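Here the structure is a predicted model, which is why all the values come from computation and not from measurement. The figures that follow rest on heavy atoms only: side chains count, while hydrogens, waters and symmetry mates do not.
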Amino acid sequence: MSRQHFNQQLLDFIGTSPTPFHAVKNLRTALDKAGFKYLAEENSWQVQPGGRYYITRNGSSIIAFVAGRKPAEDTGIRMVGAHTDSPCLKVKPQPELHRQNYFQLGVEVYGGALLNPWFDRDLSIAGRVIFDDGEGQLRQLLVDMQRPVAVIPSLAIHLDRDANNERKVNPQTDIPPLLFLDRDKNTKDFRQLLSAELAKDEPSLSGKTIIDYELYLYDCQAPARTGLYGEFISSARLDNLLSCFAGLQALLESEGQQTTMLICNDHEEVGSVSACGANGSMLRSLLERLFPQSEQLTRIIHRSLLISADNAHGIHPNFTDRHDGNHGPILNDGPVLKVNANQRYATNSVTAAIFRQLCKRTGVPLQVFVNRTDLGCGSTIGPITAASIGIQTLDVGVPTFAMHSIREMAGSEDAYNFCRVLNTFYNDTDSLVIQEI
């Protein structure tokens with residue numbers, strides 16, 4: 001696949017994945033098309049060497065794998081981990097707000113969102129709804145309004161003269177989005193309003209009662225190639241749907257000699273503590289079903305490696321002082337090893353050396369990120385999975401600007417090159433165990 005084609009597919013994937021539920025749906029579609037078989041966790045399984053399979057949990061997390069033709073005890077498992085969620089605004093359970101003849105929605109901030117960029121954007125709503133089908137049965141449906149239905153207007157500078165000097169956003173009072181004029185205050189129940197609006201495009205909801213929902217606001221502006229020469233990509237949710245897509249494309253090209261796996265967890269942005277998060281049981285449960293003997297699984301994990309794929313901070317040309325001078329990744333200069341002495345990232349000298357060799361074999365440049373020592377450091381699913389599974393792990397990702405903003409920016413070469421390295425990782429036959437001398 002050419003870089004141009006890869007990037008277009010990446011942007012299409014992100015653009016049609018406004019929520020983790022939609023991301024997993026799109027991942028499933030690609031896997032189904034490639035011949036992967038869905039395994040329901042509540043059923044018994046028959047996994048065959050060379051077979052291609054996937055499981056899901058909560059509709060927002062997915063693990064896909066190719067069962068190796070060679071015994072996993074000899075080759076280990078080559079894992080790539082990413083996450084499906086991104087910081088955003090989530091609609092509250094009882095969101096109805098009537099103020100000054102306007103109908104607004106109460107929202108919560110999901111994850112560590114950069115809030116200022118959410119103002120004055122064309123926003124839509126997407127997510128999952130649970131409804132009564134009219135016969136007493138509960139059904140669930142993914143929905144996406146796909147049009148601008150809300151906005152969070154800024155306060156005019158004439159009323160806030162210090163806005164350009166010091167602007168603090170109160171997440172309770174400043175960000176409820178405005179939906180429409182409601183002079184008569186006739187709209188009492190958001191669920192009824194939602195059902196009526198969604199039924200215009202989704203006949204199965206016509207006349208049905210929405211019982212509950214998980215709904216998120218998102219920016220309607222489509223992902224795009226940007227820069228005078230098209231050297232950048234700009235989009236919402238680059239963190240971390242970019243890694244999910246790169247991992248998917250690499251897995252689809254896995255040759256199947258050794259067992260390979262792609263893990264895309266939800267809830268990373270809020271700590272991963274959930275049934276479908278990296279700090280839950282999903283991966284451990286899968287491994288124990290595939291390799292039920294405890295000693296066997298321990299031997300396999302000892303020979304395995306997890307690449308925790310999550311975006312890295314590119315050095316911002318306007319804020320170079322926020323970076324360590326020797327560790328400032330540049331967009332389009334290659335993927336970034338992420339290192340932290342306090343284990344906020346799981347990279348160590350062994351796993352870093354393995355990844356350096358993979359990049360060398362692939363012909364892809366490599367960069368290193370270490371946070372300024374006087375600044376706090378974020379984290380990933382890497383240390384969580386390493387601690388819970390016991391697998392050797394490294395943290396790596398493509399350099400990005402404006403991480404956690406409503407619109408992020410990365411290099412148009414980096415995702416493609418990162419995918420090439422992941423492809424080498426999945427298909428390389430060298431041992432992942434470095435021998436002591």
More than 12 heavy atoms of other groups within 6.0 Å of Asn164 CG | no
Give every donor-acceptor pair under 3.5 Å between a side-chain atom in residues 264-280 and any protein atom, sequence neighbours left out.
residue, atom, partner, partner atom, Å
Asn265, ND2, Cys276, O, 3.1
Asp266, OD2, Ser60, OG, 2.8
His267, ND1, Ser274, OG, 2.7
Glu268, OE1, His83, NE2, 3.2
Glu269, OE1, His404, NE2, 3.3
Glu269, OE2, His404, NE2, 3.4
Ser274, OG, Cys276, N, 3.4
Ser274, OG, Gly277, N, 2.9

Asn240 and Ser243: side-chain donor and acceptor closer than 3.5 Å?
-> yes
Is there a donor-acceptor pair under 3.5 Å between the side chain of Asn340 and the backbone N or O of Cys377?
-> no
State whether Asp219 and Arg121 are salt-bridged, where the test is any N-O pair (Lys NZ or Arg NE/NH1/NH2 against Asp/Glu carboxylate O) under 4.0 Å.
-> yes
side-chain hydrogen bond (donor to acceptor under 3.5 Å, both in side chains) between Arg57 and Ser281: does it pass, once the steps are laid out?
-> CA-CA 10 Å; Arg57 190 175 284 191; Ser281 62; 3.0 Å; yes
Neighbour count above 12 (heavy atom, 6.0 Å) for Lys25 NZ | no
Can you tell if the side chain of Val47 reaches within under 4.5 Å of the side chain of Phe65, non-hydrogen atoms only?
-> yes
Quickly, which of Leu123, Leu217, Val107 forms a side chain to side chain contact (heavy atoms under 4.5 Å, CB included) with Ile152? Name it, please.
-> Leu123
CZ on Arg78 to CG on Leu251, rounded to 0.5 Å = 13.5 Å
N-O pairing of Glu214 and Arg128 below 4.0 Å | yes
Do you know which two heavy atoms are closest between Leu283 and Ile63, and how far apart they sit?
-> CA-CD1, 3.9 Å
Kindly compute the distance separating OH (Tyr102) from CG (Asp182), expressed to the nearest 0.5 Å.
-> 12.0 Å
Can Asn7 and Ser412 be counted as having a side-chain donor-acceptor contact under 3.5 angstrom?
-> no
side-chain hydrogen bond (donor to acceptor under 3.5 Å, both in side chains) assessment of Ser17 paired with Asn26 | CA-CA 7 Å; Ser17 302; Asn26 289 330; 2.8 Å; yes
Lys338 side chain near Asp310 side chain, heavy-atom distance below 4.5 Å = yes
May I ask you to check if Arg28 and Tyr38 form a cation-pi contact, with NZ or CZ under 6.0 angstrom from the six-membered ring centre and within 45° of the axis?
-> yes
Test Thr362 against Thr424 for side-chain hydrogen bond (donor to acceptor under 3.5 Å, both in side chains), laying out the working first.
-> CA-CA 7 Å; Thr362 312; Thr424 300; 2.8 Å; yes
Say whether, by atom type as modelled, one donor and one acceptor occur between the side chain of Ser308 and the main chain of Leu306 under 3.5 angstrom.
-> no
Taking NZ, NE, NH1 and NH2 as the nitrogens, is one of them in Arg191 or Glu96 under 4.0 Å from a carboxylate oxygen of the other?
-> no
For the side chain to side chain contact (heavy atoms under 4.5 Å, CB included) test, which of Val169, Ile406, Leu155 pairs with Phe119?
-> Val169
Taking all non-hydrogen atoms of both residues into account, name the closest pair between Leu105 and Ile125 and its distance.
-> CD1-CD1, 4.0 Å
Would you please test Glu413 and Arg420 for salt bridge (Lys or Arg N to Asp or Glu O under 4.0 Å) and show each step?
-> CA-CA 11 Å; Glu413 296 181 16; Arg420 291 175 57 209; over 6 Å; no
Any salt bridge between Arg167 and Asp160, counting N to O under 4.0 Å?
-> no
So, the side chain of Gln258 versus the backbone of Thr75: is there a donor-acceptor pair under 3.5 Å, distance only?
-> no
CG (Leu194) and CG (Leu215) are apart, to the nearest 0.5 Å, by 5.5 Å
When the aromatic ring centroids of Phe245 and Phe6 are compared, is their separation below 6.0 Å?
-> yes
Just wondering, more than 12 heavy atoms not from Gln4 lying within 6.0 Å of its CD?
-> no
Check the pair Thr19 / His22 against side-chain hydrogen bond (donor to acceptor under 3.5 Å, both in side chains), numbers first and verdict last.
-> CA-CA 5 Å; Thr19 75; His22 291 82; 2.7 Å; yes
Which atoms form the tightest heavy-atom contact between Thr351 and Ala346, and what is the distance?
-> OG1-O, 4.4 Å
So Phe103 and Phe180, would you call those rings parallel, tilted or perpendicular, with 30° and 60° as cut-offs?
-> parallel
Output yes when a side-chain donor or acceptor of His313 lies under 3.5 Å from a complementary backbone atom of Arg322, and no otherwise.
-> no
Closest heavy-atom pair, Gln249 versus Cys419, reported as atoms and distance to 0.1 Å, is CB-SG, 3.7 Å
Report, as yes or no, whether the 6.0 Å neighbourhood of atom NE2 on His302 holds more than 12 heavy atoms from other residues, nucleotides or ligands.
-> no
Could you tell me if the ring centre of Phe190 sits under 6.0 Å from that of Tyr213?
-> yes
Would you say Asp239 and Ser86 make side-chain contact, with heavy atoms under 4.5 Å?
-> no
